[in-house]
Amino acid sequence: MLKIVVLVSGGGTNLQAIIDGIREGTVTNTELVGVISNNYGVKSLDRAKEAGVPAKVISPKDYADRAAFHRALLSGIDEFAPDLVVLAGFLVRIPEELLERYENRIINIHPSLIPSFCGVGAYGLKVHEMALARGVKVTGATVHFVNAGMDEGPIIDQMPVKVQDGDTPEILQRRVMEQAEWVILPGAIDDIANKRICLENGKVRRV
Ligand code: GAR
């Protein structure tokens, strides 16, 4: 069984896709052992509660400085003893200690086809605003391992999504979630849990 912890900041639709995937059997050999949010009062916490998954808030507001928050985050994750840490809309820069402790065991979902519209400042709705401003006709989502670079880790999977005339950032965000994120993030977890992928020379290979 692959034990996973999901880190969230907001609505948690990707968390829900993981919960549903495990419940419906499209994500196998996987146990969701905990959810951690950096924000209080977000819908992700209700989703965890409804699914009967232990959830806790580790907010930077409760700590004197960033270093103390990072220590709390690390020990909060350690308490769940996960095999894999899943960033599902977790809009916090991942501290170095966490990257070291969980090397090659952290994955992230990003709402564009990396290397487009990623890096510092590209998160959430802003990514779709950037895509529309550039006028691309295809966008999508990427699930990747997390390393010290911003959105630079080895790519596990990507899914394209067509941009349509009249799209707003909100409409495009929803389509990218439905057609790409909610498919490839649970899919990547299932692949890792069933040892269908490995890392080789900094790239992901199917085995
Ligand atoms: C998702 O679109 C996710 O890809 C994005 O935040 C949203 C969270 O939605 N993440 C990033 O932009 C990371 N750079 P959710 O809380 O409903 O899953």
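Remember, it's 1-based here, ligands and their atoms both numbered in the order they're listed. As the structure is a computational prediction, the values presented were derived from the model and not from experiment.
With respect to atom 14 (N) of ligand 1, the closest heavy atom belonging to the protein is His110 ND1, 3.2 Å. Counting protein heavy atoms only, atom 11 (C) of ligand 1 is closest to Pro111 CD, 3.6 Å. In terms of protein heavy atoms, atom 17 (O) of ligand 1 is closest to Thr13 OG1, 2.6 Å. Looking at atom 9 (O) of ligand 1, its nearest protein heavy atom turns out to be Met177 CE, 3.4 Å.
Listed for the Asp157 side chain is no donor-acceptor partner under 3.5 Å among the backbone atoms of Val143. Distance alone, capped at 3.5 Å, places no donor-acceptor pair between the Thr30 side chain and the Ala193 backbone. The main-chain N or O of Val8 is never found under 3.5 Å from a side-chain atom of Ser44 such that the two would form a donor-acceptor pair. Side-chain N or O atoms of Asp167 include one that pairs as donor or acceptor with a backbone N or O of Gln164 at under 3.5 Å. Panel note: side chain Gln158, backbone Ile114; a donor-acceptor pair is recorded below 3.5 Å.
When Leu15, Ile109, Leu87 are ranked by how near their heavy atoms come to atom 13 (C) of ligand 1, first place goes to Ile109.
Between the side chains of Asn194 and Thr28, at least one donor N or O lies within less than 3.5 Å of an accepting N or O.
At least one N or O atom of Asn14 sits closer than 3.5 Å to an N or O atom of ligand 1. Distances between N or O atoms of Asn108 and those of ligand 1 include no value under 3.5 Å. Checked against a 3.5 angstrom limit, the closest N/O atoms of Glu181 and ligand 1 fall inside it. Annotation: Asp151 places no N or O atom under 3.5 Å from an N or O atom of ligand 1; distance criterion only. Residue Gly12 has at least one nitrogen or oxygen atom sitting less than 3.5 Å from a nitrogen or oxygen atom of ligand 1, judged on distance alone. Of the polar atoms of Gly89, none of the N or O atoms is found under 3.5 Å from an N or O of ligand 1, judged by distance alone.
Of all the atoms in ligand 1, the ones that sit under 4.0 Å from a non-hydrogen atom of Gly124 are 11 (C), 12 (O). Those atoms of ligand 1 with a heavy atom of Gly11 less than 4.0 angstrom away are 16 (O). Atoms of ligand 1 lying under 4.0 Å from at least one heavy atom of Ala122, given by number and element, are 14 (N). Listed by atom number, the atoms of ligand 1 under 4.0 Å from Tyr123 heavy atoms are 12 (O), 14 (N).
Proximity of Cys118 to ligand 1 is not established, as no heavy-atom distance is less than 4.0 Å.
Between Asp46 and Lys49, none of the side-chain N atoms (NZ, or NE/NH1/NH2) sits under 4.0 Å from a carboxylate O, so this pair counts as no salt bridge.
Atom CD1 of residue Ile156 and atom CG of residue Leu185 lie 8.5 Å apart, to the nearest 0.5 angstrom.
Residue-environment remark: OH (Tyr123) stays at or below the threshold of 12 foreign heavy atoms within 6.0 Å. Counting non-hydrogen atoms of neighbouring residues, nucleotides and ligands closer than 6.0 angstrom, the CD atom of Glu24 exceeds 12 such neighbours.
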